[in-house]
Amino acid sequence: MKRKFQSFSIRLTRRIILVMLFTMTIAFGVVIFFSSIGTYTMMNDHFRDILKMTGERIEGVLKAVEVSSINNADEVADQLSSPEDVQEALKHELRMNTHITGCAVAFVPNYYPQKGYWYEPYAAHGEDGRIEVFNIGSKEHDYHNTEWFINGLEDEDGYWSNPYLDTLGAKNMLTTYTLPLRDAQGRIAGVFGADITLEWLTKQVQEMNLHANEFGFGEEDDYTREAYCFILGRNGDYLVHPDPHRILAKSYFDYVGESKGGPYERLGRDMLDGKSGFHITKIDGVRSFIYFAPVMHNGWSMAIVVPSITVFSPGILLGLIILLMLIIGLLIAFLLTTRTIRSTVRPLKQLAQSAEEVAKGNFDTPLPQLSYNDEIRQLRDSFQNMQESLTGYIQQLTEAATRQAAIDRELEIARGIQMSMLPKVFPPYPERNDIDIFGLLTPAKTVGGDLYDFSIRDNKLFFCIGDVSGKGIPAAILMAVTSYQLRTLSADEDNPARILGALNDSLSSRNESLMFVTIFFGVLDLSTGELHYCNAGHDAPILREADGSTRYMDVESNVAVGVMPNWSFELQQTRIAPGTTLFLFTDGLTEAENPVQELFGMDQTLQAAREADDSTPSAFLGHVSEAVKTFVSGADQSDDLTMLAIQYKG
């Protein structure tokens with residue numbers, strides 16, 4: 001079907017534009033890739049730094065509270081002689097430490113008998129700014145059973161309490177640092193506690209700039225669209241969060257929902273376990289990057305939540321700008337390229353018309369004359385040379401085709417002559433019931449160098465199989481010479497070693513081409529099953545006995561025939577039982593290759609012989625042929641393949 005005509009200039013323009021588009025797309029992808037990586041790395045480092053700085057600021061204040069509390073506890077301990085002195089000491093300590101919301105001493109029961117069972121003087125700033133001290137201990141406020149009092153008595157190094165709502169002292173959400181307080185006699189008098197509010201934590205977070213916003217604190221409905229920070233207590237409660245309704249009211253794990261056991265819950269577990277790191281998960285329905293680290297002093301954990309769009313938006317914006325520039329550049333390049341190419345390739349149209357006439361056989365068609373010297377001029381001159389040469393080329397091709405046809409006919413005749421030298425009538429001895437034979441030869445080329453032969457003389461079966469080095473006509477000629485000499489030598493001699501020795505001396509004396517032949521020659525006494533054999537560098541045959549046992553024959557390798565004159569070949573003998581099949585083959589079987597160049601090999605050859613149907617030699621070789629055909633899977637035959645099966649029936 002003839003294609004619709006298309007202008008060369010248009011096609012060339014399109015291809016140039018496609019190449020430019022492909023190149024610029026790759027460049028665009030590379031730029032976007034590296035800019036995305038750079039943006040991601042920059043944003044990643046930015047939020048990690050913010051997390052670190054915020055954590056250091058919080059830990060710095062917590063450390064200051066701890067240090068001042070230790071010093072204050074010692075000063076208060078020196079004033080335990082009277083309740084009034086303790087109150088004055090608390091006022092002094094609160095006045096000196098402005099970062100503390102309030103401080104108190106929670107005494108053990110009846111430490112001051114006159115103050116009763118509950119005595120907890122608490123110092124705080126009053127509404128007029130003055131420091132007031134008042135007792136907040138009572139039956140209703142039984143501080144003896146509070147977590148901060150019990151752990152404060154036991155922890156000599158100090159204890160940070162879980163956050164709680166204080167309705168009596170500071171009247172705020174607090175966390176308290178407590179230390180055991182001992183009197184001059186070393187007795188536990190109670191605990192000294194210093195309070196800080198959770199509002200202070202929120203303020204520390206709000207003061208950190210988080211990528212062009214203040215964590216989104218303000219409008220509750222907008223915080224999920226921006227980066228924000230939250231802090232979890234030891235039990236998973238929110239201490240800081242942009243949604244104030246969650247603080248000390250709900251746990252992080254209240255929002256697990258259907259993702260129980262998923263990345264959201266694993267993030268919370270990692271935070272409560274005091275780990276630091278990075279997670280990607282959905283929080284409040286928004287896929288986000290979460291950076292988290294522990295607050296080392298009190299078991300809290302702080303996290304920064306960054307929506308993924310916040311991380312990748314700079315890279316996306318850069319990509320859109322580059323894409324727009326790419327489109328504009330391609331449009332301009334298309335217009336300029338089309339105009340330039342159209343004017344440049346116009347002379348090709350004339351040349352194409354002339355070339356079409358030449359293609360029709362009009363070799364004398366005049367070609368256009370060009371005034372400039374470039375590739376188009378070279379193309380025009382090439383067409384002119386083609387016109388002058390086509391007639392000669394056609395004549396030469398006709399003569400070459402005639403010669404090749406003659407060679408092919410001669411090769412077919414040579415193949416027929418070669419095949420006629422081999423036994424080809426099977427079964428060869430239908431009148432005998434003691435022997436059955438079948439042979440196959442498949443050359444890799446039209447003619448090959450493999451051979452097999454057999455004959456019966458004096459109730460003895462003379463048989464051989466051979467492989468000439470090389471392929472093609474030289475190998476076929478040497479195969480014919482070898483086959484003829486073996487027939488001649490075995491006419492009066494029944495010793496395989498002497499037969500191969502004589503053949504070796506004959507071929508070695510005039511072997512200027514340095515070719516050689518591997519041969520296995522045997523003489524089987526059909527009356528006794530006695531087998532005399534000699535091997536000349538050939539693969540060992542396989543014996544398949546009547547009971548199915550299969551093995552390689554024990555043979556001496558010797559040298560190949562035609563390699564070394566006066567070589568003394570070793571004669572071997574064995575006895576084979578009736579029902580035994582003798583399987584001979586050339587290396588075209590063991591070296592058959594499949595498409596991945598794996599060899600059929602000796603092991604698979606033995607396995608194929610073991611599994612073959614030995615009812616007749618023909619069935620035996622048919623099974624082996626099918627096995628090697630399945631193995632090569634259609635790969636080209638690399639060497640001549642010859643097989644001979646002899647079944648001795650006795």
Side-chain angles (χ1 to χ4, degrees), residues 65 69-70 72-95 97 100-128 130-200 233-235 237 239 247-251 298-299:
V65 171
S69 296
I70 293 172
N72 294 343
D74 292 338
E75 294 177 5
V76 172
D78 294 337
Q79 306 297 326
L80 291 177
S81 56
S82 70
E84 290 75 15
D85 292 339
V86 170
Q87 293 179 14
E88 290 301 322
L90 290 175
K91 289 182 179 181
H92 175 73
E93 299 309 330
L94 184 60
R95 188 178 300 111
N97 298 281
I100 296 176
T101 302
C103 58
V105 176
F107 286 97
V108 297
N110 299 313
Y111 183 79
Y112 294 116
Q114 68 274 25
K115 294 298 184 180
Y117 188 82
W118 296 282
Y119 182 53
E120 182 186 2
Y122 185 86
H125 295 279
E127 295 181 358
D128 55 0
R130 291 184 300 174
I131 297 176
E132 300 177 356
V133 179
F134 45 92
N135 177 30
I136 60 175
S138 66
K139 183 178 181 180
E140 290 73 20
H141 175 54
D142 186 5
Y143 59 85
H144 297 140
N145 295 318
T146 61
E147 167 247 359
W148 57 264
F149 182 82
I150 295 172
N151 290 307
L153 288 175
E154 296 175 353
D155 197 338
E156 295 290 341
D157 296 327
Y159 173 77
W160 280 101
S161 72
N162 288 325
Y164 60 95
L165 177 61
D166 179 20
T167 59
L168 299 175
K171 298 180 181 180
N172 210 325
M173 288 181 287
L174 306 174
T175 180
T176 302
Y177 181 73
T178 58
L179 287 165
L181 196 63
R182 300 179 184 275
D183 58 18
Q185 290 75 34
R187 297 176 303 165
I188 292 292
V191 298
F192 174 82
D195 298 334
I196 60 173
T197 66
L198 296 188
E199 291 179 356
W200 168 82
R234 287 192 292 267
N235 56 2
D237 289 338
L239 308 185
I247 298 176
L248 291 186
K250 292 188 177 181
S251 167
N298 51 14

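Quantities reported herein were computed from a predicted structural model and do not represent experimental measurements.
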> Are the side chain of T176 and the backbone of S161 linked by a donor-acceptor contact shorter than 3.5 Å?
Replying inline: no
> Can you tell me how far CG of N162 sits from CG of L248, rounded to the nearest 0.5 angstrom?
Replying inline: 9.5 Å
> Looking only at heavy atoms, what is the nearest atom pair of G158 and L179, with distance?
Replying inline: CA-CD2, 3.3 Å
>> Just to verify, what does T167 make a side-chain hydrogen bond (donor to acceptor under 3.5 Å, both in side chains) with, not counting sequence neighbours?
In response: none
> Which residues satisfy the side-chain hydrogen bond (donor to acceptor under 3.5 Å, both in side chains) test with Y122, sequence neighbours excluded?
Replying inline: D195
Enumerate, atom names and distances included, each donor-acceptor pair closer than 3.5 Å involving a side-chain atom of residues 181-194, sequence neighbours excluded.
unit_1 : atom_1 : unit_2 : atom_2 : d
R182   : NH1    : G186   : O      : 3.2
R182   : NH2    : E156   : OE2    : 2.6
D183   : OD1    : Q185   : N      : 3.1
D183   : OD1    : G186   : N      : 3.1
D183   : OD1    : R187   : N      : 2.8
D183   : OD2    : Y111   : OH     : 3.2
D183   : OD2    : R187   : NE     : 2.9
D183   : OD2    : R187   : NH2    : 2.9

> Any idea which heavy atoms bring V133 and P121 closest together, and the distance?
Replying inline: CG1-CB, 4.1 Å
>> Distance check, rounded to the nearest 0.5 Å: E120 atom CD versus H141 atom NE2?
In response: 4.0 Å
> What are the two closest non-hydrogen atoms of N135 and W118, and how far apart are they?
Replying inline: ND2-O, 3.7 Å
>> So, using side-chain hydrogen bond (donor to acceptor under 3.5 Å, both in side chains) as the criterion, who are the partners of D237 when residues are at least two apart?
In response: N235
> Which residues satisfy the side-chain hydrogen bond (donor to acceptor under 3.5 Å, both in side chains) test with Y117, sequence neighbours excluded?
Replying inline: none
> Sub-3.5 Å donor-acceptor pair from the side chain of Y143 to the main-chain atoms of F107, do we have one?
Replying inline: yes
>> For a side chain to side chain contact (heavy atoms under 4.5 Å, CB included) check, start with the C-alpha distance between T101 and N172, then their side-chain angles and the critical distance, and finish with the verdict.
In response: CA-CA 10 Å; T101 302; N172 210 325; 5.9 Å; no
> Which value, rounded to the nearest 0.5 Å, describes the distance between M173 atom CE and I196 atom CD1?
Replying inline: 13.0 Å
> Relative to the ring of W160, is the ring of Y177 parallel (under 30°), tilted (30 to 60°) or perpendicular (over 60°)?
Replying inline: tilted
> Just how far is it from atom CG of L94 to atom CD1 of I131, taken to the nearest 0.5 Å?
Replying inline: 4.5 Å
> Distance-only, no hydrogens or angles: does the D155 side chain make a donor-acceptor pair with backbone N or O of N151 under 3.5 Å?
Replying inline: no
>> Quick test of your reading: applying salt bridge (Lys or Arg N to Asp or Glu O under 4.0 Å), list the pairs with at least one residue in residues 132-149, sequence neighbours left out, ordered by first then second residue.
In response: E147-R234
>> Would you compute the distance between atom CG of D166 and atom OG1 of T175 and round it to the nearest 0.5 angstrom?
In response: 12.0 Å
> Say you draw a straight line from CD1 of I136 to OH of Y119; how long is it, rounded to the nearest 0.5 Å?
Replying inline: 11.5 Å
